[in-house]
**Student:** 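Please see the structure below; I have some questions.
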2 protein chains.
Amino acid sequence: MSSENKKKEGLVPEPSLRRMPCYLAYLKLAKRRNQEFVSSTHIARDMGVDPTQVTKDLSYTSIVGKTRVGYEVNALIEVLEDFLGFTKLDKAYLFGAGSLGNALLHDHGLDQYGLKIVAAFDVDPKVIGRSIEGVPIFHVSEFEKMKDENVQVGILTVPAEFAQDVAQLMAAGGIKGIWNFTPIRIRLGDDVVVQDTSLYAHLAVMFNRMGHVKK
Amino acid sequence: MSSENKKKEGLVPEPSLRRMPCYLAYLKLAKRRNQEFVSSTHIARDMGVDPTQVTKDLSYTSIVGKTRVGYEVNALIEVLEDFLGFTKLDKAYLFGAGSLGNALLHDHGLDQYGLKIVAAFDVDPKVIGRSIEGVPIFHVSEFEKMKDENVQVGILTVPAEFAQDVAQLMAAGGIKGIWNFTPIRIRLGDDVVVQDTSLYAHLAVMFNRMGHVKK
DNA sequence: TTCGATTAAAGAAAATATTCATTATTATTT
DNA sequence: AAATAATAATGAATATTTTCTTTAATCGAA
Ligand SMILES: NC(=O)c1ccc[n+]([C@@H]2O[C@H](COP(=O)([O-])OP(=O)(O)OC[C@H]3O[C@@H](n4cnc5c(N)ncnc54)[C@H](O)[C@@H]3O)[C@@H](O)[C@H]2O)c1
Ligand SMILES: NC(=O)c1ccc[n+]([C@@H]2O[C@H](COP(=O)([O-])OP(=O)(O)OC[C@H]3O[C@@H](n4cnc5c(N)ncnc54)[C@H](O)[C@@H]3O)[C@@H](O)[C@H]2O)c1
């Protein structure tokens, strides 16, 4: 297979990466309360996680804590935002301006986390030519002509049956990271990162756990 | 601590639960192609996962496969949808009809996956009294008066700083499952399930992996 | 029928992630 | 100045998840 010999040593564990934005949110609240330092112990207690997990997660970044004091809040916020790629703004194309795609276009929160949607693509004549929140919608066929090297991120919100095809189109057009909201597992070469975000998956977990609590 | 002695034997692993909706999507496409049976081998190859992982994941449901044949597509779809709680419609309240909350209200996809938002709550006078896609928006203070036993799910899309407070309000009002879109870790008793869905977390993972591919 | 190939299922092994235990450091108190 | 307590950091142990291996079943071809 294709990725067998790719060493993944040095890769930050995905669970750690997923927790980091939570630390960031916590730290921003701490900053509001004018806390200058915050310790792993306190973060852990407030967030309901293990204290050593906090230190271990943070050890992947460049931050160093001070014994008996903790981490400097401002410094840690900066380091985390930078480490997570939230400081530099990545441009993104959106594919599929339907129900979910629209939602993402209307959503202003993403800008603060390093992502700016600059154009959308669809096949429905009813939406092509329109603009949503200042983002123009083109026909997918226009994508190939645009090929902007500065846009490396693509958001995939087309119906499941077209997901693989559109993903291939994206890859061919130079997209290096696909944020995949469809429940389809995309098959592409190793040079393109596919990040699955299936809301249904989270729903499924919640329903399952709710069923267990009742017992 | 509080959940230490709670046996979690018998709990379906979260990674397995998260994969199940992907299988479901795959199966629905297979059904469209009029496939009557599909084997774990083929599912695995098409989806780019390990074949034994597929059988192991499916073994948590009631389905049994046929040696040398595979699983019956229709039966497996039914079993999975039922197992994941997508067949019965759960009513839900939404807390925070802002940017993301609006997106979810406009989103018609959720109905098909067992979730129906029946009312929204906010504190902003500009939105209270209005309706979005037929869902009325009330002031949060109205929530306590409503206390509908049939609504056990709450969707949390308020600003981070109010997340914990609103979550407590939800729990006090009888909500048993909180779909938490804020990056805050909610602290509540064991009788309430909190399902975190932080879009930023997924973004963070994608950015990180993209940085590594460049090397 | 007999053989070979394909598969589900279940258990073993390996890899990964989390939690625990230890050590060294340093603010604060005595 | 010495003792104490709180903490970061690191390595060990444990738990969880994934992958590998084996077994038994059965379809289709010879
Ligand atoms: N709606 C939800 O709640 C939700 C939640 C999570 C995931 N998803 C997933 O996101 C995807 C989209 O869902 P939705 O509800 O927005 O569907 P939708 O039908 O509302 O939107 C899909 C859009 O994609 C466009 N499209 C179709 N083919 C295309 C192509 N080849 N190139 C570009 N655009 C194309 C359609 O014209 C449409 O506008 C689905 O895969 C769905 O499973 C949806
Ligand atoms: N917008 C995004 O892209 C995005 C993505 C993922 C997660 N989130 C998270 O979701 C949350 C909401 O984000 P947003 O962008 O929609 O923010 P927003 O400010 O647009 O919306 C928040 C809404 O909550 C309401 N609200 C405030 N206090 C409330 C209370 N006590 N009870 C009920 N409602 C209250 C506000 O009036 C507002 O309408 C945030 O925590 C954010 O981090 C946002």
Side-chain angles (χ1 to χ4, degrees), chain A residues 1 3-20 22-23 27 30 35-73 75-76 79 185 201 205 208-209, chain B residues 1-20 22-23 27 35-73 75-76 79-80 185 201 205 209:
Chain A
M1 319 207 168
S3 60
E4 229 78 306
N5 45 7
K6 270 250 170 84
K7 277 282 185 63
K8 36 183 264 171
E9 60 176 328
L11 268 198
V12 180
E14 187 161 329
S16 296
L17 281 173
R18 279 207 297 252
R19 281 187 295 265
M20 286 183 190
C22 299
Y23 299 137
L27 289 160
Q35 284 184 253
E36 202 182 338
F37 288 90
V38 64
S39 74
S40 62
T41 325
H42 286 122
I43 298 176
R45 191 189 308 135
D46 293 346
M47 290 179 59
V49 299
D50 190 275
T52 56
Q53 186 163 73
V54 177
T55 57
K56 204 154 262 182
D57 286 343
L58 295 182
S59 75
Y60 294 112
T61 74
S62 61
I63 199 83
V64 279
K66 237 173 157 180
T67 301
R68 246 319 295 245
V69 174
Y71 303 91
E72 204 199 322
V73 173
L76 189 44
V79 165
R185 290 276 176 128
V205 175
N208 181 272
R209 300 313 191 214
Chain B
M1 318 207 167
S2 57
S3 59
E4 228 79 306
N5 44 8
K6 269 252 171 83
K7 277 284 185 61
K8 35 183 263 170
E9 60 177 327
L11 267 197
V12 181
E14 186 162 329
S16 296
L17 282 173
R18 279 207 297 252
R19 281 187 295 266
M20 286 184 192
C22 299
Y23 300 137
L27 289 160
Q35 284 183 254
E36 202 183 338
F37 288 90
V38 64
S39 73
S40 62
T41 324
H42 286 123
I43 299 176
R45 190 189 309 137
D46 293 347
M47 290 179 59
V49 298
D50 191 274
T52 56
Q53 187 163 72
V54 177
T55 56
K56 202 154 267 182
D57 286 344
L58 296 183
S59 75
Y60 294 111
T61 73
S62 61
I63 198 84
V64 280
K66 236 174 158 179
T67 302
R68 249 304 310 239
V69 174
Y71 304 90
E72 204 198 323
V73 173
L76 189 45
V79 166
L80 270 177
R185 290 276 178 129
V205 176
R209 300 314 190 213

**Student:** Measure the distance from CG on A/L17 to C1' on C/dT16 and round it to the nearest whole Å.
**Tutor:**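 Taking atom C1' of C/dT16 as the reference, CG of A/L17 is at 15 Å.
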**Student:** Which atom pairs, one a donor and one an acceptor, fall under 3.5 Å between side chains of residues 43-52 of chain B and the rest of the protein, sequence neighbours left out?
**Tutor:**
{"residue": "B/D46", "atom": "OD2", "partner": "B/Y26", "partner atom": "OH", "Å": "2.4"}
{"residue": "B/D50", "atom": "OD1", "partner": "B/T52", "partner atom": "N", "Å": "3.0"}
{"residue": "B/D50", "atom": "OD1", "partner": "B/T52", "partner atom": "OG1", "Å": "2.5"}

**Student:** Check the distance between D/dT16's P and B/Q53's CD and give it to me in whole angstrom.
**Tutor:**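 Spelled out: CD on B/Q53 to P on D/dT16 is 17 Å.
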**Student:** Take the protein atom CG of A/D57 and the nucleotide atom P of D/dT10, then report the distance between them rounded to whole Å.
**Tutor:**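 From A/D57 CG to D/dT10 P: 14 Å.
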**Student:** According to salt bridge (Lys or Arg N to Asp or Glu O under 4.0 Å), who are the partners of A/E14, at least two apart in sequence or on a separate chain?
**Tutor:**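 Listed in chain order: A/R18.
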**Student:** Whole-Å distance between C/dA27 P and A/E72 CD?
**Tutor:** 14 Å
**Student:** Considering all heavy atoms of both residues, which atom of A/V12 and which atom of A/L17 are nearest to each other, and what is their separation?
**Tutor:**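 Between these two residues, the closest heavy atoms are CG1-CG, 3.8 Å.
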**Student:** Quick one: A/F37 CZ to C/dT25 C1', roughly how many Å, whole number?
**Tutor:**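 Value for this atom pair: 15 Å.
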**Student:** Answer yes or no: is there a side-chain heavy-atom contact under 4.5 Å between A/L11 and B/R209?
**Tutor:**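 Contact flag for A/L11/B/R209 side chains = yes.
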**Student:** Just N and O in the side chain of A/R19: are any of them under 4.0 Å from OP1 or OP2 of C/dT18?
**Tutor:**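 A/R19 to C/dT18 OP1/OP2: side-chain N or O found under 4.0 Å.
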**Student:** Whole Å only: how far is the CG atom of B/D50 from the C1' atom of D/dC20?
**Tutor:**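 Nearest whole value for this atom pair: 8 Å.
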**Student:** Which whole-number value in Å describes the distance from B/I43 CD1 to C/dA8 C1'?
**Tutor:**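 These atoms are roughly 12 Å apart.
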**Student:** Any pair with a residue in residues 59-73 of chain A that passes salt bridge (Lys or Arg N to Asp or Glu O under 4.0 Å), sequence neighbours left out, goes on the list, sorted by first then second residue, please.
**Tutor:**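 Non-adjacent pairs meeting salt bridge (Lys or Arg N to Asp or Glu O under 4.0 Å): zero.
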**Student:** If a protein heavy atom is under 4.0 Å from the base, mark B; if only from the sugar-phosphate, S; if neither, -; do that for nucleotides 2-9 of chain D going 5' to 3'.
**Tutor:** ---BBBSS
**Student:** Let's test your reading of the model: under 3.5 Å, does the base of D/dT19 pair with the side chain of B/K56 as donor and acceptor?
**Tutor:**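 Counting by modelled atom types and ignoring angles, a donor-acceptor contact under 3.5 Å is found here.
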**Student:** Would you mind listing every side chain to side chain donor-acceptor pair (under 3.5 Å) that reaches into residues 53-62 of chain A, with sequence neighbours excluded?
**Tutor:**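 The answer is A/S16-A/D57, A/R19-A/D57, A/Y23-A/D57.
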